[in-house]
Q: 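Take this structure first; my questions come after.
When reading the values below, keep in mind they use all heavy atoms of this one structure, side chains included, and skip hydrogens, waters and symmetry mates. Each chain gets a letter, A, B and so on, in the order its sequence line appears, and its residues count up from 1.
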Protein chains: 2
Amino acid sequence: MTTLQTPRRRDAVKTRRMLLDAAVHRFTQHGYAATTVRDIADDAGVNVALISRYFRSKEGLFEACLSHSVEELERTAADVPPDRTAEEIARQMAGPCARGVPHNLVLLLRKSGDEAADRIRLDLLRSYSERLAAATGHQELLRAQVMIAAAAGIALLHAKTDMTPLATATETDLFGPLCDMIESLLIKTD
Amino acid sequence: MTTLQTPRRRDAVKTRRMLLDAAVHRFTQHGYAATTVRDIADDAGVNVALISRYFRSKEGLFEACLSHSVEELERTAADVPPDRTAEEIARQMAGPCARGVPHNLVLLLRKSGDEAADRIRLDLLRSYSERLAAATGHQELLRAQVMIAAAAGIALLHAKTDMTPLATATETDLFGPLCDMIESLLIKTD
DNA sequence: ACACCGGGTCAACAACTGTTTACATCACTG
DNA sequence: CAGTGATGTAAACAGTTGTTGACCCGGTGT
């Protein structure tokens with residue numbers, strides 16, 4: 001009964017989570033190829049060898065990051081009210097880019113070269129676009145995918161700190177343009 | 001006067017251009033870090049050492065690719081008629097992604113880690129967004145940049161061959177959605 | 001006391017990276 | 001035709017990468 005009160009100086013699940021968090025950050029920010037396992041380990045403050053131990057390989061870690069992002073996206077997409085979809089989508093898209101939908105979308109753009117990881121990536125993008133098309137009552141899957149691609153691009157450049165005013169735009173700054181864009185792409189007007 | 005009729009088996013400018021073309025393709029498709037100089041040299045069918053000879057380094061080659069893209073974008077942007085901007089922009093954006101505006105936009109998303117290259121990248125993105133804002137008579141620079149980011153994201157996923165129907169969409173398929181998006185973002189409707 | 005085992009560290013490995021150096025080959029000039 | 005500079009080649013370099021195997025440490029049961 002000692003395990004419950006002691007902070008467990010050596011905690012496997014905790015270090016595993018720290019590695020996962022650091023990896024998600026690095027992969028989304030710099031991409032797969034530009035990220036080294038030593039970078040991730042240093043960010044997490046643990047030894048490099050633990051990546052191979054807990055995730056089998058760098059690609060295994062990337063897959064775990066994708067799955068993590070998938071879960072997060074599924075969760076945020078679950079509690080969206082069926083009406084007022086344009087404003088709701090815009091609110092999510094304009095949200096905090098460090099954590100949230102944009103952050104996950106950018107990670108979904110990253111490619112590892114690993115086939116299994118790419119399948120996960122593609123599956124989520126497809127299901128997400130299908131859900132988006134269904135939620136807005138729009139029949140064309142193409143417009144939903146254009147919408148996702150546009151949102152991902154915006155999130156990518158929004159997260160970068162170089163192109164102002166986009167880089168320094170606040171949530172309220174982005175809400176207006178995003179609403180207009182979503183309506184024009186997804187809401188039928190004819 | 002012999003140089004004009006002989007094919008010049010050893011032609012410096014020709015091999016330099018082949019290296020540049022191969023590099024642009026690789027960098028846009030896979031990004032900077034995921035591309036090796038040997039990949040580029042093999043694609044161009046020349047020796048690896050010539051990259052260092054003609055471009056000083058991998059980063060120098062990347063800078064040359066950016067400058068090349070900048071020139072191409074400036075050229076295509078020069079002959080755009082001042083009116084009917086929405087349709088004209090949509091036509092350019094929907095155009096062939098293997099060569100043209102989308103292709104160049106994707107390259108502009110790529111980061112090398114080199115400071116000089118990033119400055120070139122940022123400068124062009126800024127000037128392009130300013131020109132876009134001016135051409136459409138829209139005051140807000142933010143909306144123009146959102147527009148560019150969206151277009152870049154769309155081009156990125158359009159070039160990838162995995163997410164259908166976006167990946168297999170033709171120029172005419174994309175024209176409609178893009179027109180709607182551009183109008184909603186850039187054309188004043190108040 | 002002892003062995004055991006989950007958790008963590010360390011050093012080393014082989015493969016790959018960008019770059020350079022020394023050498024070969026071609027085209028052209030005197 | 002000799003020679004000279006431009007063009008291309010091959011091999012090797014030093015550094016980095018992902019990965020692995022041997023080892024350590026602290027707690028637990030016996």
Q: Please determine which of A:Ser69, A:Ser112, A:Ser67 meets the side chain to side chain contact (heavy atoms under 4.5 Å, CB included) test together with A:Ile120.
A: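 Result: among A:Ser69, A:Ser112, A:Ser67, A:Ser67 is the only option passing the side chain to side chain contact (heavy atoms under 4.5 Å, CB included) with A:Ile120.
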
Q: Answer with base, sugar-phosphate or nothing: what part of the nucleic acid does B:Thr36 contact at a heavy-atom distance below 4.0 Å?
A: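 Sugar-phosphate, no base atom in range.
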
Q: Of the listed nucleotides (C:dT9, D:dT19, C:dG6), which one gets closest to any side-chain atom of A:Ser57?
A: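 Looking only at heavy atoms from C-beta outward on A:Ser57, the closest nucleotide is D:dT19.
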
Q: With nearest nucleotide decided by heavy atoms, which residue, A:Asp39 or B:Leu50, maps closer to the 5′ end of DNA chain D?
A: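 It is B:Leu50 whose nearest nucleotide is closer to the 5' end.
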
Q: Can you see if the side chain of A:Tyr54 gets near the phosphate of C:dG8 - specifically, an N or O under 4.0 Å from OP1 or OP2?
A: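 Affirmative; the distance criterion is met.
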
Q: Taking B:Leu73 as the starting point, is it possible to reach B:Leu141 by hopping between hydrophobic residues whose side chains are less than 4.5 Å apart?
A: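 In one cluster with B:Leu141: B:Leu73, no.
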
Q: Is it the case that A:Lys58 places NZ or CZ above or below the six-membered ring of A:Tyr32, under 6.0 angstrom from the centre and within 45 degrees of the axis?
A: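 Geometry flag: set, cation within 6.0 Å and 45°.
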
Q: Counting only side-chain heavy atoms from C-beta out, which of C:dG7, C:dT21, D:dT7 sits nearest to B:Ala12?
A: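 Closest of the options to the side chain of B:Ala12: D:dT7.
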
Q: When the distance from CZ of B:Phe55 to C1' of C:dT20 is rounded to whole Å, what number comes out?
A: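 Rounded to the whole Å, the gap is 18 Å.
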
Q: Map B:Arg53 and B:Glu59 onto DNA chain C by nearest heavy atom, then report which one ends up closer to the 5' terminus.
A: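 Per heavy-atom nearest nucleotide, the more 5' residue is B:Glu59.
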
Q: Can you tell me the distance, in whole Å, between the CD1 atom of A:Ile51 and the C1' atom of D:dT19?
A: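 So the CD1-C1' distance, A:Ile51 to D:dT19, works out to 11 Å.
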
Q: Given atom CZ of A:Phe62 and atom C1' of D:dT17, what is their separation to the nearest angstrom?
A: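 Result: 18 Å.
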
Q: Could you identify which residues of residues 15-23 of chain A place a heavy atom less than 4.0 Å from some atom of DNA chain D, listed by residue number, or say none?
A: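 Heavy-atom contacts with DNA chain D come from no residue of residues 15-23 of chain A; none.
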
Q: How about A:Asp173 and A:Thr170: do any of their side-chain heavy atoms sit closer than 4.5 Å?
A: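 Yes. Closest side-chain heavy atoms under 4.5 Å.
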
Q: By nearest heavy atom, map A:Arg38 and A:Gly45 onto DNA chain C; which one lands nearer the 5' end?
A: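 The residue whose closest nucleotide sits nearer the 5' end is A:Gly45.
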
Q: Using the side chain to side chain contact (heavy atoms under 4.5 Å, CB included) rule, pick out the option among B:Ile154, B:Leu157, B:Leu166 that qualifies with A:Gln145.
A: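 With A:Gln145 as partner, B:Ile154, B:Leu157, B:Leu166 yield a single side chain to side chain contact (heavy atoms under 4.5 Å, CB included), made by B:Leu166.
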
Q: Roughly how many Å is it from CG in A:Leu61 to C1' in D:dT17, rounded to a whole number?
A: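 Roughly 15 Å, once rounded to whole Å.
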
Q: Distance check needed: C:dG7 P versus A:Lys14 NZ, whole Å only.
A: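 Whole-Å distance recorded here is 14 Å.
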
Q: Quick one: A:Asn47 CG to D:dG21 P, roughly how many Å, whole number?
A: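 Rounded to whole Å, this separation is 16 Å.
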
Q: Measure from NE2 on A:His30 to P on D:dT17 and round the result to the nearest Å.
A: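 About 13 Å, once rounded to whole Å.
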
Q: Indicate, with yes or no, if the rings of B:His25 and B:His30 have centres closer together than 6.0 Å.
A: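 Ring centres of B:His30 and B:His25 not closer than 6.0 Å.
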
Q: Return the value, rounded to whole Å, for the distance between atom CZ of B:Phe27 and atom C1' of C:dG18.
A: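 About 12 Å, once rounded to whole Å.
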
Q: Indicate, with yes or no, if A:Phe62 and A:Val48 share a hydrophobic cluster defined by side-chain heavy-atom contacts under 4.5 Å among Ile, Leu, Val, Met, Phe, Trp and Tyr.
A: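 Yes; tracing contacts between hydrophobic side chains, which count when under 4.5 Å, links both residues.
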
